[in-house]
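Each remark here refers to the structure printed beneath this line.
Computed over heavy atoms, backbone and side chain alike; hydrogens, waters and symmetry mates excluded. What you see is a predicted model, and the numbers here were worked out from it, not measured in a lab. Numbered from 1 within each chain, the chains take letters A, B, ... in sequence-line order.
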Amino acid sequence: MNLTYTLHDFRRQLRDVANMFFIAMLPAALFVMFGVLQDWSSESAGHGNVSAYLMVSMATYGAITATTSIAGSATVERLQGWGRQLAMTPMGTSGYVVTKVIVALAVAVVPVAVVYLVGLGTSATMDDVWRWFATGARSWPAP
Amino acid sequence: MHAVNDVSLRIDRGEIVALLGPNGAGKTTLLDMILGMSDPKEGTVSVFGHSAREAVSKGFLGAVQQTGGLLDDISVRETVVMIASLYDQHMPVDEALERAGATSFAKRKVSKCSGGQQQRLRFALALLPEPDLLVLDEPTAGMDVQARHEFWDTMHAEASEGRTVVFATHYLQEAQDFAQRVVLLDHGSVHHDGTVDSFRAASRRQTVTFSWPSTTPLPDFPGVTHLDRRGERITARTRDADQLARLLLTETPASELEISRGGLEEAFTALINRSADS
């Protein structure tokens with residue numbers, strides 16, 4: 001694991017506008033459409049309202065899109081010969097995989113954060129503050 | 001099918017070696033084995049006393065590969081920073097860019113760089129671990145004349161610092177201008193191995209063409225390595241054209257004699273053609 005390499009790769013992913021649109025903006029937009037603007041948003045659902053329920057769902061959806069898309073891009077990178085370039089360095093295949101997993105998990109934070117911020121600023125409510133953090137962590141693919 | 005067969009080479013420190021050969025001669029396969037990308041079925045590859053992979057991970061080796069191998073969406077400098085971060089010890093990023101002649105376009109995105117610029121970037125990456133051995137696989141493929149010229153100027157500077165350089169090329173001129181030693185590969189084995197001068201001498205065959213009466217059988221001429229008969233016209237290759245010409249004109253019915261001197265290029269072409277025929 002190498003911090004500089006991982007940070008650069010992370011920044012690279014964030015700069016990919018098209019990819020980030022599907023990872024973060026689309027789940028946020030879907031959340032607004034179905035979780036904020038509808039009549040059912042304020043109705044109760046378990047320990048929160050329907051809006052909060054949909055917020056968790058859309059955040060999860062975004063996080064999964066993020067990890068899947070980065071797994072795909074890792075394959076493309078290797079096909080393009082970047083793997084050969086890396087083979088000339090001390091970083092082995094396992095190092096590459098670990099780096100990509102960390103980058104994928106880091107990128108997966110973005111949709112969760114974006115959707116939750118939108119939810120917080122609009123109609124999502126939960127019974128306790130800790131539930132926000134617990135569901136947020138649960139939407140993230142790592143735990 | 002063996003891409004490389006029975007190749008034994010010893011390259012000493014500080015040597016500059018050109019690997020010449022037609023497409024499919026096994027140049028890239030041989031270089032891949034030196035780089036530890038593939039393993040020979042039999043035999044060993046040793047780089048400074050280590051296995052190829054060990055030598056790579058210790059940074060003894062730097063390689064410029066033919067194509068690909070770069071990420072399009074980052075800048076030249078970012079590419080060097082990323083790769084540099086993977087080495088425990090490496091030359092400063094800006095120095096690598098400077099030495100490879102890539103400083104002027106360091107901020108440009110890789111996808112916007114010309115072929116020559118991308119090759120300079122690959123060269124900068126190869127320089128990062130300050131390798132003792134540089135392996136270049138057709139480093140100037142796809143460059144125009146000017147870019148090729150500049151690239152070799154940069155390489156000259158690196159080689160004069162005592163690095164060992166092994167490069168594969170199609171261009172005879174590059175081998176001639178830059179290498180001290182030329183290894184000619186053909187069908188996966190070494191066809192010729194020697195200094196540029198010895199290569200030139202070995203290939204300095206002359207061609208003697210003459211007319212010969214079709215009814216008369218051809219005798220064995222001394223010093224002739226290759227004889228080709230097309231109707232009345234005979235083509236003979238020899239190292240000593242004068243001797244053959246003297247013999248032909250004084251003691252045989254040969255007439256209309258022509259002597260042509262083949263260069264490096266001709267020897268190489270002849271070799272490629274022979275490979276294609278067989």
Assess whether atom [atom1] of [X] is packed by more than 12 heavy atoms of other residues, nucleotides or ligands within 6.0 Å.
X: B/H149; atom1: NE2; result: no
X: A/Y53; atom1: OH; result: no
X: B/E161; atom1: CD; result: yes
X: B/D153; atom1: CG; result: yes
X: B/F48; atom1: CZ; result: yes
X: A/D39; atom1: CG; result: no
X: B/F178; atom1: CZ; result: yes

Response to the item:
When the 4.5 angstrom heavy-atom criterion is applied to B/M82 and chain A, the contacting part is both
Item to complete: Using non-hydrogen atoms and a 4.5 Å limit, figure out which bit of B/L125 sits close to chain A: side chain, backbone, both or neither.
Response: side chain
Discussion item. Among residues at least two apart in sequence or on other chains, which ones pass ring-ring contact (aromatic ring centres under 6.0 Å, His included) with A/Y116?
Written reply: A/W132
Fill in: Under 4.5 Å from any heavy atom of chain B - which part of A/D9
both
Discussion item. Can you tell me which portion of A/R11 sits under 4.5 Å from chain B's heavy atoms? Options are side chain, backbone, both or neither.
Written reply: side chain
Rounded to the nearest 0.5 Å, what's the gap from [atom1] on [X] to [atom2] on [Y]? Could you check?
X: B/S57; Y: A/M91; atom1: OG; atom2: CE; answer: 13.5 Å
X: A/E77; Y: B/L71; atom1: CD; atom2: CG; answer: 5.0 Å
X: A/R15; Y: B/I74; atom1: CZ; atom2: CD1; answer: 7.5 Å
X: A/W82; Y: B/T79; atom1: CH2; atom2: OG1; answer: 5.5 Å

Discussion item. Please rank B/Q65, B/H90, B/R122 by heavy-atom pairs under 4.5 Å with chain A and give me the top one.
Written reply: B/Q65
Worksheet entry | Test: A/R12 and B/E78 ion pair at under 4.0 Å | no
Item to complete: Using a strict cut-off of less than 4.0 Å between a Lys/Arg side-chain nitrogen and an Asp/Glu carboxylate oxygen, indicate whether B/D32 and A/R84 qualify as a salt bridge.
Response: yes
Worksheet item: So do the side chains of B/I83 and A/M88 get within less than 4.5 Å of each other, counting heavy atoms only?
Response: no
What pair of heavy atoms forms the shortest contact from [X] to [Y], and how long is it?
X: B/L86; Y: A/L86; value: CD1-CD2, 3.5 Å
X: B/V81; Y: A/T4; value: CG1-CG2, 4.0 Å
X: A/Q85; Y: B/G69; value: OE1-O, 3.2 Å

